[in-house]
Amino acid sequence: LRISDFSYDLAASVENAVCPRFYDEAADSLKQPWVVDGWAWCNPPFSHARPWVEKAVAEATLGANIAMLLPASVGSAWWFDHVDRLAYVRFLHPRLTFVGATAPYPKDLVLLTYSPIQRGGYECWRWLDGKS
């Protein structure tokens with residue numbers, strides 16, 4: 001998937017939405033349905049991951065396809081409860097540099113996919129060249 005392939009941005013604002021259709025803070029994505037045509041993109045607040053991954057697990061059981069960017073917080077309770085064995089995990093290499101930043105984000109990040117068609121698994125993904 002490329003970012004242009006996503007049909008909905010689940011955690012956006014007018015300034016940073018990567019899709020024409022999106023939920024902003026006023027819409028409160030955590031109270032909205034995530035089953036949309038195609039794949040939904042989600043880059044939630046890193047400091048408040050639990051409700052987002054919990055919602056992703058629930059929505060995937062209803063048929064949603066979600067890709068979510070989060071820190072690789074493998075020792076956290078939210079990871080144990082809502083990522084391990086429930087999401088397909090791609091550890092990203094090299095580290096990402098966000099738009100407007102001059103250096104890579106200082107922590108390891110993962111791309112989690114929640115989907116009724118693919119659950120549970122891990123890989124290291126060299127995302128610049130697309131290799132595992």
Side-chain angles (χ1 to χ4, degrees):
L1 286 173
R2 295 177 313 272
I3 202 75
S4 60
D5 294 334
F6 291 97
S7 61
Y8 222 97
D9 191 332
L10 301 173
S13 67
V14 171
E15 296 79 26
N16 69 10
V18 297
C19 301
R21 296 181 298 166
F22 61 91
Y23 293 137
D24 61 11
E25 193 172 350
D28 193 353
S29 184
L30 294 173
K31 294 180 179 174
Q32 303 297 328
W34 288 7
V35 178
V36 297
D37 291 333
W39 280 81
W41 169 253
C42 188
N43 185 4
F46 288 177
S47 62
H48 198 57
R50 176 178 280 281
W52 295 89
V53 292
E54 186 174 15
K55 172 90 168 165
V57 170
E59 292 290 322
T61 64
L62 299 173
N65 295 296
I66 304 146
M68 185 177 291
L69 181 69
L70 280 170
S73 300
V74 298
S76 66
W78 63 262
W79 184 280
F80 182 80
D81 295 339
H82 303 292
V83 176
D84 189 41
R85 296 177 310 277
L86 297 170
Y88 192 85
V89 180
R90 290 170 181 85
F91 293 97
L92 302 179
H93 176 78
R95 288 186 171 167
L96 297 179
T97 301
F98 289 102
V99 173
T102 57
Y105 187 73
K107 297 181 180 179
D108 294 324
L109 297 174
V110 292
L111 181 66
L112 306 174
T113 52
Y114 293 90
S115 174
I117 58 173
Q118 181 183 41
R119 294 184 66 155
Y122 290 85
E123 71 176 274
C124 292
W125 183 32
R126 292 182 355 205
W127 61 273
L128 283 176
D129 59 14
K131 295 181 182 176
S132 296

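Only this structure's heavy atoms are used, side chains among them; waters, hydrogens and symmetry mates stay out.
Following chains of ILVMFWY side-chain contacts shorter than 4.5 Å, one can reach Val57 starting from Leu30, so the two form part of one hydrophobic cluster.
Taking the side chain as every heavy atom from C-beta outward, Trp34 and Leu10 approach each other to under 4.5 Å. Val53 is listed as a side-chain neighbour of Tyr114, based on a closest heavy-atom distance under 4.5 Å. Residues Arg119 and Arg85 are not in side-chain contact: their nearest non-hydrogen atoms beyond the backbone lie 4.5 Å or more apart. Considering only heavy atoms from C-beta on, Leu69 comes within 4.5 Å of Leu96 through its side chain. The shortest side-chain heavy-atom distance between Leu111 and Trp127 does not fall under the 4.5 Å cut-off. Between Asn65 and Pro116 the shortest side-chain heavy-atom distance falls below 4.5 Å. Between Tyr122 and Phe91 there is a side-chain heavy-atom pair separated by less than 4.5 Å. Under the 4.5 Å side-chain criterion, counting only non-hydrogen atoms from C-beta, Leu70 is not in contact with Trp79.
The two residues Trp52 and Met68 come nearest to each other via the heavy atoms O-CE, 3.6 Å. Listed here is the closest heavy atom pair of Cys42 and Ile66: CB-CG2, 4.4 Å. Considering every non-hydrogen atom in both Ile117 and Ser115, the closest pair reads CG1-OG, 2.9 Å.
In this structure, Asp108 pairs ionically with Arg95, as a charged nitrogen and a carboxylate oxygen lie closer than 4.0 Å.
The aromatic rings of Tyr23 and Tyr8 are tilted relative to each other, their planes meeting at an angle between 30° and 60°.
Atoms CZ and NE2, on Phe80 and His82 in that order, are 11.0 Å from each other to the nearest 0.5 Å. With rounding to the nearest 0.5 angstrom, the CG atom of Leu86 is 10.5 Å from the CG atom of Leu112. The CZ atom of Arg50 sits 8.0 Å away from the OG atom of Ser76 when rounded to the nearest 0.5 Å.
Under 3.5 Å, the side chains of Ser7 and Asp37 contain no donor-acceptor pair of N or O atoms. Between the side chains of Trp39 and Thr113, not a single donor N or O lies within less than 3.5 Å of an accepting N or O.
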- [ ] Evaluate the salt bridge (Lys or Arg N to Asp or Glu O under 4.0 Å) criterion for residues Glu59 and Lys55: first the C-alpha distance (whole Å), next the side-chain angles of each, then the deciding distance (0.1 Å), finally the verdict.
- [x] CA-CA 6 Å; Glu59 292 290 322; Lys55 172 90 168 165; 3.1 Å; yes
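For Phe98, the CZ atom counts as densely surrounded, since its 6.0 Å shell holds more than 12 non-hydrogen atoms of other residues, nucleotides or ligands.
In this structure, the side chain of Asp81 does not engage the main chain of Trp78 through any donor-acceptor pair within 3.5 Å.
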